[in-house]
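Quick caveat: nothing in here was measured; it's all calculated off a predicted structure. Just so we're on the same page: letters track the sequence lines, and every chain starts at 1.
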Amino acid sequence: MNFSLSDEQKLLKDSVDRFVAERYGLDARRTLIASEDGYGRKNWKTFAELGWLAIPFSDASGGLGGGPIEVMVLMEAFGRGLVVEPFISTILMGATLVETLGDKEQKAAIIPPVVRGEKLISFAHVEAQSRFTLSDVITTASTDGNGYRISGHKAVVFGGDSANQLIVSARTSGNQRDEDGISLFLVDAEAKGITRRSYGTVDGLRAAEITLSNVLVGPETMLGKEGNSFAGIESVVDGATAAVCAEAVGVMDSLQEQTLEHLKTREQFGLKLGKFQALQHRSVDMFVACQEARTMMYVATLSLNKPRADRIRAVSAAKSHIGQAGRLVGQEAVQLHGGMGMTDELAVGHYFKRLTMIDTLFGNTDHHLERFAATVHG
Amino acid sequence: MNFSLSDEQKLLKDSVDRFVAERYGLDARRTLIASEDGYGRKNWKTFAELGWLAIPFSDASGGLGGGPIEVMVLMEAFGRGLVVEPFISTILMGATLVETLGDKEQKAAIIPPVVRGEKLISFAHVEAQSRFTLSDVITTASTDGNGYRISGHKAVVFGGDSANQLIVSARTSGNQRDEDGISLFLVDAEAKGITRRSYGTVDGLRAAEITLSNVLVGPETMLGKEGNSFAGIESVVDGATAAVCAEAVGVMDSLQEQTLEHLKTREQFGLKLGKFQALQHRSVDMFVACQEARTMMYVATLSLNKPRADRIRAVSAAKSHIGQAGRLVGQEAVQLHGGMGMTDELAVGHYFKRLTMIDTLFGNTDHHLERFAATVHG
Amino acid sequence: MNLEYSDADQAFREEVQNFLRDNTPSTIRTKIDARQKLTKEDYMAWHKILYGRGWVAPNWPVEFGGTGWTPLQCHIFDEEIGLSGSPRVLPFGVNMVGPVIMEFGNDTQKAHYLPRILSCEDVWCQGYSEPGSGSDLASLKTRATRDGDEYVVNGSKIWTTSAHWADMIFCLVRTDTNAKNQEGISFLLINMHESGIDVRPIITMDGGHEVNQVFFEDVRVPITNLVGEENKGWTYAKFLLKHERAGIAAIGSQKRQLNRLKEIARAEQSNGQALIEEPRFRDKISRAEIELMALEYTELRAVSAANQGRVPGTEVNLLKIRGSEMQQKISELLIEAIGYYANPFVPDSFDAGWNEEPIGPDYAAALAPEYFNWRKSSIYAGSNEIQKNIISKMVLGL
Amino acid sequence: MNLEYSDADQAFREEVQNFLRDNTPSTIRTKIDARQKLTKEDYMAWHKILYGRGWVAPNWPVEFGGTGWTPLQCHIFDEEIGLSGSPRVLPFGVNMVGPVIMEFGNDTQKAHYLPRILSCEDVWCQGYSEPGSGSDLASLKTRATRDGDEYVVNGSKIWTTSAHWADMIFCLVRTDTNAKNQEGISFLLINMHESGIDVRPIITMDGGHEVNQVFFEDVRVPITNLVGEENKGWTYAKFLLKHERAGIAAIGSQKRQLNRLKEIARAEQSNGQALIEEPRFRDKISRAEIELMALEYTELRAVSAANQGRVPGTEVNLLKIRGSEMQQKISELLIEAIGYYANPFVPDSFDAGWNEEPIGPDYAAALAPEYFNWRKSSIYAGSNEIQKNIISKMVLGL
């Protein structure tokens, strides 16, 4: 039982905290979002140089062999800075799927260039009807000679606009929500038959709707065994879920600090706002929510390598809990800022929007409450 | 659209408010609860003399032809006074079942003595397994000659200790939760085969567990048609539910007033408690809850004579809403009183207990939320 | 006591429904259905249609061009406007400065301004809040200094809705800097086209432009534009607050939003069934429906009392609190309903004429921005904290 | 970073479990299982059993008879006590006055009182709150006036848990009436058997008798019973608050209550299925379970930091707030689970030896009184409002 970072982890934390503090002001972020890429290529290069892109991958794959704790440290800082670079989509989803399910050749082909910052991969999985059910896939891959033809529509693929490669989930057998029968394919993002419609998101990220129309892929593009990818998808998504919990905690802590700063500065009726007891008690509620969210971030992160049921119990408890805590902290931060909290000019609204959208990622509060209950109560 | 009492209703309100203010101090109530009967026979006589016991019954039955509004006026005042007399069990449940389902002879035999305060009747319906499902009845009545033999156990029969007669629900056909097949019987409380175990309740009322073992009753004891009582039970219980909503509103308003009085009197840190903004805002939340609960009391009361679906929608919305509002007001009232709120000596705890128990009567918040949803969304 | 609308009220409701159905211009209707932004021209066109029917100022006395409706009829009218999704008339002229001029203005002001408000010849905005004075309105610093027959106004107003559309602004200004906060304030009408006025847009976090900051630099205002007496402006401001908040619970438009939520929950899938069948989400809808019922009939209690001639009291504070909470709650459920499709953000899609395919279902695009935008409702028009302070003091006596 | 208990800690946990299983007297076990009241004799017997094992004062230094356990071991011990439903040792001697005497008492006091606390020769209670001073503790008025070698004490203490069982009371008394509130207070040990002391029971709304009001009329206390310096009592009181609140979140007993809730929800029927299968109730249990997880690991973060030698800070305030809220939430779900059977109230059934059939299921009788009783937990030991004031000031700097 220990909640302290190792010395190495502390160095990582110092490094990413410094990056965020020095490079991620609101204006710098605005510029990135407005740019054609929607993120900072230079930042991404820096991430690669600092080794951050290599963290979750094994030495054998060309990574640094880091684990959930290192990812948590990064993501919490990314939350504090509202970092828009495609770390979740490329590193925690795309390349981690390759690390989890890929064969030697696939890993060798993909992970090193990803780690060098030269390749972006997104996971094209969610569909219009699937909501948060990971096994709900109607995109199909039918055999064609040695290969497959994939057809279907993938919804809100984060980073899908800039990705060089896509990992596409498609059904090779089974019914719409069967866990069996889902296969993954590594597809070039420019492949014939793929249409990408790119757009920004309300919280400053980029995503794409991706339509696949008879996209022909060879057998070597398959990641993992045919029809047998669900367990891998689920564990990778659980890892990403724990990661956005950490991001949420970074966002929440920042909102809490911004709000306290406002309460200590702004005067009304001849007093600092922070002297009004009703606002004091609500600030304490925010503080408690932040503290408990941090606890649940640890619980999720430190359970990722446990057996499936334990992992699900922890991750779903955390995502559900942080969804609620985040709603409280986000809404209160805006409210306690008054009119200024509503503006695009101040940071608080941007943090609020990101926190709101995190609740929609990988399943919201209710989805994870159900998943927790189903795991715990059977 | 009108939320004002008629002049007659205002007179009724004055009269019952005066009774409660003058006769229902906490000490008087304590004495009643500790007495053998558990309520005031003299009070009951007064209710009869003032005509209150006759209110809900038609002129033809020997009543005053009052309606839901008059009952609401009484019940709200009874809530303010924490009145323990068996008005709900005898008047709103027992005798109203007779009024709703009984034939001419039954009404003539029962309603006049009830109205004169000479007879108490309880509705023995709930069973250990039934929770809030009105159709969940396993007590059976099997034919025996012209009559029936009733066997089963009835749980938490309010007023069942002092009732002269019982209306017992029993299944004459159908399965455990079928709406069809439930029959009602008017049974003498001292009949052979009936065992009553009487007890007090946490909020100062009296109830009994009633076991029926081969109780023989004649065909003339049946209330309504064989197997066809569910609709009548449901409408009577909806009426009683609206009535306890009104009682809850009386309790809540009193708690709100007691709490305000405390906040205006008690000093801490050199200030009246009422000067602390956090407590002010919580008092406002209580006030808002009381106001909305009052609104829902009107909605339920004024919908009792509407078609079934409209009635259910209104009554279940009200009971569900008031359950939540009552929890807030009750818990906050105790909390804001501090240690004194915990004592048996002060009134606030007694009001809190009654309000807590009202949520268990005729279905709690969740039960009525489900019933509302099933009616509205189908 | 009864919950029923009279036959006359029912007939009135149908008349309103028919009018709204037959008279909303198709350009406006198309935008409403597509949840696109309305332009100033749309609002003016709609204002003039209501003016043509004599319905633009229901609350005004008949002598000034009002309808003579009962409070209950006004409520029905508001509800139907909301239910149909028709635009509301901009409140600053009709609901706010109009009643102040009627009550406290002189005959010249009445004769000049009131008809122009009715006909929409002047579009108005409200100059109350300032950067330094949010909830503490009385600490405002914008100064009007007397110079002959004119005031010279210097200072700045913020959160000024529609200032970029307005011809006139009514302002609280400080005319006596020596007096205590609430004394020394005057109520001044200022022509927005005067030189020295600069309107700068404030973009809100949903990406929209509704509010502005307005700067006054040596703006000269004739003293004839003073309403009532100098230094008595606070009295008029308080009078106005009551008018501002009538109908603030917006029952009709909330019912419309709730219906929309149900439609979307029927269309959205969750684990192979309609989202509305999912017990948790169904409960959330039911709770919202019950809460809205409580809010509606709480408002109707106040309306019904007004119908019987009682003066509205502090119930507006309660309705402001609960109305804004409900708006926020329903808008929160709306984004919850659409899952991942809350994320896409295509600002152009909110402009008229955009006719690309929507991203995801056509109902999704506006929901997240609307949710963000509705966070304002517990802040503006007297934050909910201020409302609670008022109830605590005025109703509870704390 | 890891969530795992070490092998040594696991082994320790098993040792505790085995001890509790093998050493809880059957008379006590029976009462616990029947949810009947424990008597003073039960508490004393249990205290002596733990004393015999050397486990009665885990937090004390070894030199005074403590265990030398790590903070994590203390946490495990507390958790297992709670999980097993074993009684907690009355805290007033071991957890409260003991540490104060150790830190601020003189050698005579240490030599006299500490062994008697360990062996339960003295049962202690706490004299802090007064009728006029609830949350505002420092406004206390009970006076101790010096008269030769004695203080003469007059005044009254309230909410005094176990005063009717106690041999000794530690009191905050005012020794300087001219000083400001927090100055002029002294920390005095008073023999409860002294003449002039009157203990009157306070019955709480659950019908139970845990707390009392204690009256002092010219009670003579030797000055040797003063702890530390005169007029420095407030310092000692603040020191004590930290000790009082260790383990305040009561994780073990809350887990036990949650397990009980699940058992009951499996046994109760709702519409023909087990209540635990009903989606709404299942969600409530799940939420409670997740909240309890958050609370447990938040406490473990603090324990783990203490294990590494860091001094516990204001996290006790957070744990007090959330711990009491959880206790109340679970007890609320417990009465919700049993429906109508929350109503019956048979006070005799809580006494040992009552052996009639229960009314309804045997788990039902105590639940409503327990719910009522737990309302105290957000009031006592510094109300949650006071805790929020403290966090606001000390942690948030507001």
Would you say the side chain of Ser283(A) lies within less than 4.5 Å of the side chain of Leu398(D), judging by non-hydrogen atoms? yes
Please evaluate residues Val376(A) and Lys262(D) with respect to the criterion side-chain contact (heavy atoms from CB on, under 4.5 Å), reporting the C-alpha separation (whole Å), side-chain torsions for both, the decisive distance (0.1 Å), and the verdict. CA-CA 11 Å; Val376(A) 171; Lys262(D) 287 190 201 175; 4.1 Å; yes
For Arg294(A) and Arg301(D): C-alpha separation, side-chain torsions, deciding distance, then whether side-chain contact (heavy atoms from CB on, under 4.5 Å) applies. CA-CA 10 Å; Arg294(A) 173 170 295 279; Arg301(D) 283 170 59 197; 3.3 Å; yes
I want to check something: taking the side chain as every heavy atom from C-beta on, are Phe372(A) and Glu289(D) in contact at a cut-off of under 4.5 Å? yes
Side chains of Arg313(A) and Met293(D), heavy atoms from C-beta outward: is any pair under 4.5 Å? yes
Measure from the side-chain N and O atoms of Asn2(A) to the backbone N and O of Asn2(D), and report whether any donor-acceptor pair falls under 3.5 Å. no
Gln291(A) side chain to Thr298(D) side chain, donor-acceptor N/O pair below 3.5 angstrom: no
Point-to-point distance, once rounded to the nearest 0.5 Å, from CG of Leu302(A) to CG of Leu3(D): 4.5 Å
Can you tell me which of Glu370(A), Gln9(A), Lys275(A), Lys272(A) forms the most heavy-atom pairs within a distance under 4.5 Å of chain D? Glu370(A)
What part of Val395(D) is in contact with chain A, defined as an atom under 4.5 angstrom from a non-hydrogen atom: side chain, backbone, both or neither? side chain
If we only count heavy atoms from C-beta on, is the Met72(A) to Met1(D) side-chain gap below 4.5 Å? yes
CD of Gln308(D): more than 12 outside heavy atoms within 6.0 angstrom? yes
Can you name the closest pair of heavy atoms from Ile290(D) and Ser320(A) and give their distance? CD1-OG, 4.2 Å
Side chain, backbone, both or neither: which part of Met297(A) has a non-hydrogen atom closer than 4.5 Å to chain D? neither
Most heavy-atom pairs under 4.5 angstrom with chain A, which of Gly397(D), Ala305(D), Ser6(D)? Gly397(D)
So OH of Tyr297(D) and CE of Met296(A): to nearest 0.5 Å the spacing works out to 9.5 Å
When the 4.5 angstrom heavy-atom criterion is applied to Gln256(A) and chain D, the contacting part is side chain
Side chain, backbone, both or neither: which part of Leu300(D) has an atom under 4.5 Å from a heavy atom of chain A? both
Other residues, nucleotides, ligands: >12 heavy atoms within 6.0 Å of Lys264(A) NZ: yes
Are Gln280(A) and Lys393(D) packed together at the side-chain level, in the sense that at least one heavy-atom pair is separated by less than 4.5 angstrom? no
Proximal component of Asn307(D), with respect to chain A [non-hydrogen, under 4.5 Å]: neither
Sort Arg322(D) into side chain, backbone, both or neither according to what part of it lies under 4.5 angstrom from a heavy atom of chain A. side chain
What part of Ser6(A) gets closer than 4.5 Å to chain D, counting heavy atoms only: side chain, backbone, both or neither? neither
Would Lys306(A) and Glu4(D) pass as an ion pair if we require N to O under 4.0 Å? yes
So which atom in Ile391(D) and which in Phe287(A) form the shortest heavy-atom distance, rounded to 0.1 Å? CG2-CD2, 3.7 Å
What part of Met1(A) lies closer than 4.5 angstrom to a heavy atom of chain D: side chain, backbone, both or neither? both
Mind checking whether Arg310(D) and Ser4(A) have side chains closer than 4.5 Å, heavy atoms only? yes
Could you tell me which of Thr295(A), Asp285(A), Thr301(A), Leu369(A) has the largest number of non-hydrogen atom pairs under 4.5 Å with chain D? Thr295(A)
